[in-house]
Amino acid sequence: MNRLHGKRALITGGSRGIGAAIAKRLAADGADVAITYEKSAERAQAVVAGIEALGRRAVAIQADSADPVAVRNAVDRAAEAFGGLDILVNNAGIFRAGALGDLTLDDIDATLNVNVRAVIVASQAAARHLGEGGRIVSTGSCLATRVPDAGMSLYAASKAALIGWTQGLARDLGPRGITVNIVHPGSTDTDMNPADGEHAGAQRSRMAIPQYGKADDVAALVAFVVGPEGRSINGTGLTIDGGANA
């Protein structure tokens with residue numbers, strides 16, 4: 001498929017899980033793809049190799065999303081490598097859970113720095129490179145709008161913040177023909193939340209369709225949003241959670 005032929009994309013946190021699936025799907029649809037990674041250099045290079053095998057350009061950029069300078073530089077490096085940028089997917093994120101009294105200042109700072117500040121910084125940097133038809137998509141969570149269990153308040157707050165950011169930024173960038181959206185995955189089978197994990201049964205019990213999603217499912221939704229058919233999808237959230245929030 002060549003729906004994204006000639007497009008240039010950056011996926012933060014693209015070395016594993018949902019981010020890697022998005023990177024590979026956008027490449028399969030014709031885009032050149034840069035990814036960022038924090039520590040998983042070997043995995044990042046494997047993603048790059050897979051993209052290059054599809055005949056697309058690819059680059060892996062080491063960047064800690066907790067470091068705003070590194071985030072900003074990664075966006076600029078991706079644009080420099082490809083001669084511009086058309087798509088930004090803010091996917092990097094961390095999950096810290098626990099009882100309210102057990103949350104530390106480090107937990108709070110780390111969660112907000114990676115899940116919120118990095119998205120703002122990357123979007124701001126990308127906006128300097130995006131032109132008409134540009135796309136920004138952030139990975140949210142079904143927990144942003146409904147929290148079924150205790151201990152997830154900090155993570156839920158960080159993802160809920162991205163809803164407001166998405167809506168506001170859509171207004172800011174709309175006059176330039178750039179869309180901004182957020183995708184809310186539910187329980188998705190990755191190494192961070194495996195379908196055979198300790199808490200998987202409880203998660204399935206909340207779904208209308210009691211089965212974990214696949215990273216490729218999320219990637220397909222993102223690919224649609226950033227593609228030509230997604231031109232009128234703007235300032236909104238799209239939930240892909242098996243009906244957990246139904």
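Atom set for the values below is all heavy atoms of this structure, side chains included, hydrogens, waters and symmetry mates excluded.
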Engineer: Of all the heavy-atom pairs spanning Ala34 and Ala78, show the shortest one and how long it is.
Structural biologist: CB-CB, 3.8 Å
Engineer: If you count the non-hydrogen atoms of other residues, nucleotides and ligands that lie under 6.0 Å from CG in Leu54, is the total more than 12?
Structural biologist: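 It does: Leu54 CG has more than 12 such atoms within range.
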Engineer: Rounded to the nearest 0.5 Å, what separates atom OG in Ser15 from atom CD in Glu38?
Structural biologist: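 The distance works out to 9.5 Å.
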Engineer: Work out which heavy atom in Phe82 is nearest to a heavy atom in Ala9; give both atom names and the distance.
Structural biologist: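 That closest heavy-atom pairing would be CE1-O, 3.9 Å.
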Engineer: For the NZ atom of Lys24 and the CD1 atom of Ile51, what is their distance to the nearest 0.5 Å?
Structural biologist: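 If I round to the nearest 0.5 Å, the distance is 8.5 Å.
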Engineer: Please find the pair of heavy atoms, one from Ser187 and one from Met207, that lie closest to each other, and give the distance.
Structural biologist: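 Scanning both residues completely, I find the closest heavy atoms to be CB-CE, 3.4 Å.
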Engineer: Assess the residue pair Asn193 and Tyr212 against the criterion (side chain to side chain donor-acceptor pair (under 3.5 Å)); give the C-alpha distance rounded to whole Å, side-chain angles, the decisive distance to 0.1 Å, and a yes or no.
Structural biologist: CA-CA 10 Å; Asn193 185 17; Tyr212 264 55; 3.1 Å; yes
Engineer: Which value, rounded to the nearest 0.5 Å, describes the distance between Ile240 atom CD1 and Thr188 atom OG1?
Structural biologist: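 It comes to 7.0 Å.
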Engineer: Would you say Arg176's side chain and Ala127's backbone share a donor-acceptor pair under 3.5 angstrom?
Structural biologist: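 At least one qualifying donor-acceptor pair exists.
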Engineer: Does Glu52 have more than 12 heavy atoms from other residues, nucleotides or ligands lying within 6.0 Å of its CD?
Structural biologist: yes
Engineer: Looking at CG of Leu4 and CZ of Arg25, how far apart are the two atoms once the value is rounded to the nearest 0.5 Å?
Structural biologist: 8.5 Å
Engineer: So, taking the atom named CZ in Arg3 and the one named CG in Asp29, what distance separates them when rounded to the nearest 0.5 Å?
Structural biologist: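 It is 5.0 Å, given to the nearest 0.5 Å.
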Engineer: For Asp76 and Arg72, run salt bridge (charged side-chain N to carboxylate O under 4.0 Å, His left out): C-alpha distance rounded to whole Å, both residues' side-chain angles, the deciding distance at 0.1 Å, then the answer.
Structural biologist: CA-CA 7 Å; Asp76 291 340; Arg72 187 178 298 112; over 6 Å; no
Engineer: Kindly indicate, with the supporting measurements, whether the criterion side chain to side chain donor-acceptor pair (under 3.5 Å) is fulfilled by Asn234 and Thr179.
Structural biologist: CA-CA 5 Å; Asn234 194 24; Thr179 67; 4.8 Å; no
Engineer: Counting only heavy atoms not in Arg171 (residues, nucleotides, ligands), do more than 12 fall under 6.0 Å from its CZ?
Structural biologist: no
Engineer: Would you confirm whether Thr166, through its side chain, and Gly235, through its main-chain N or O, come within 3.5 Å as a donor-acceptor pair?
Structural biologist: no
Engineer: Less than 4.5 Å apart, side chain to side chain, heavy atoms only: is that true for Val183 and Thr139?
Structural biologist: no
Engineer: Who pairs with Arg117 by salt bridge (Lys or Arg N to Asp or Glu O under 4.0 Å), at least two apart in sequence or on another chain?
Structural biologist: none
Engineer: Which residue in the set Asp107, Asp106, Asp102 passes side-chain hydrogen bond (donor to acceptor under 3.5 Å, both in side chains) when paired with Thr104?
Structural biologist: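 Answer after filtering Asp107, Asp106, Asp102: Asp107.
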Engineer: How far does CD of Gln167 sit from OG1 of Thr236, to the nearest 0.5 angstrom?
Structural biologist: 7.5 Å
Engineer: Asp32 side chain to Arg56 main-chain N or O, any donor-acceptor pair under 3.5 Å?
Structural biologist: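 Side chain of Asp32 to backbone of Arg56, a donor-acceptor pair under 3.5 Å: no, none is there.
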Engineer: Under a 3.5 Å distance rule, please check whether Ser158 uses its side chain to pair with a backbone N or O of Tyr155 as donor and acceptor.
Structural biologist: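 Here the side-chain-to-backbone pair exists.
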Engineer: Salt-bridged, Arg206 to Asp241, with N to O below 4.0 Å?
Structural biologist: no
Engineer: Tell me, please, which residues at least two apart from Asp109 pass salt bridge (Lys or Arg N to Asp or Glu O under 4.0 Å).
Structural biologist: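 Partners of Asp109 under the salt bridge (Lys or Arg N to Asp or Glu O under 4.0 Å) test: none.
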Engineer: Are Leu10 and Val180 joined in one hydrophobic group, where the rule is that I, L, V, M, F, W and Y side chains link up if heavy atoms are under 4.5 Å apart?
Structural biologist: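 As far as the 4.5 Å side-chain criterion goes, Val180 and Leu10 are connected within one cluster.
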